[in-house]
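Here's the structure we're looking at; comments come further down.
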Amino acid sequence: MVKNRFLRKILHPRIEDIDPVRLIYILSLVVGLLSALAAVILKNAIHYTHQILAGGITGESGTYLYLAYPFIGMLITLLFVKIYCQG
């Protein structure tokens with residue numbers, strides 16, 4: 001509660017003084033930067049997951065693992081939804 005009042009005291013006068021068009025530009029810049037950061041994190045997560053899962057695959061075992069990975073992913077997703085989304 002104290003933090004909220006402190007932030008309100010700091011940000012409230014400054015946000016009201018900013019022109020609405022300029023505020024939208026600032027907010028769009030922040031959203032764009034955060035979106036770019038999320039894209040880089042997602043790209044790297046996919047790249048390293050591929051390296052981990054496909055790193056030790058050889059010719060014969062690879063065909064079976066490439067068939068098993070989607071089913072394992074669906075099973076993990078199903079368990080996640082059942083456990084955490086009991087809403």
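FYI, side chains are in, hydrogens and waters are out, and symmetry mates aren't considered; it's all heavy atoms of this structure. This structure is a prediction, so every number in the text was calculated from the model and none was measured.
Atom OH of Tyr69 has more than 12 neighbouring heavy atoms from other residues, nucleotides or ligands inside a 6.0 Å radius.
Pro70 approaches Leu67 most closely through the heavy-atom pair CD-O, 3.4 Å.
Between atom CG of residue Leu33 and atom OG of residue Ser28 there is a gap of 9.5 Å, rounded to the nearest 0.5 Å. Between the NZ atom in Lys43 and the CD1 atom in Ile41 there is a gap of 12.0 Å [rounded to 0.5 Å]. Here Thr49 contributes atom OG1 and Leu42 contributes atom CG; the two are 9.5 Å apart, rounded to the nearest 0.5 Å.
Leu53 and Leu65 fall within the same hydrophobic cluster, where Ile, Leu, Val, Met, Phe, Trp and Tyr residues are linked whenever their side-chain heavy atoms come under 4.5 Å apart, directly or through other members.
When Val81, Ile76, Leu75, Thr77 are each tested for a side chain to side chain contact (heavy atoms under 4.5 Å, CB included) with Leu79, only one passes: Leu75.
Looking at Arg22 and Ile26, their side chains come closer than 4.5 Å, going by heavy atoms from C-beta outward. Between Asp19 and Leu23, every side-chain heavy-atom pair lies at or beyond the 4.5 Å cut-off.
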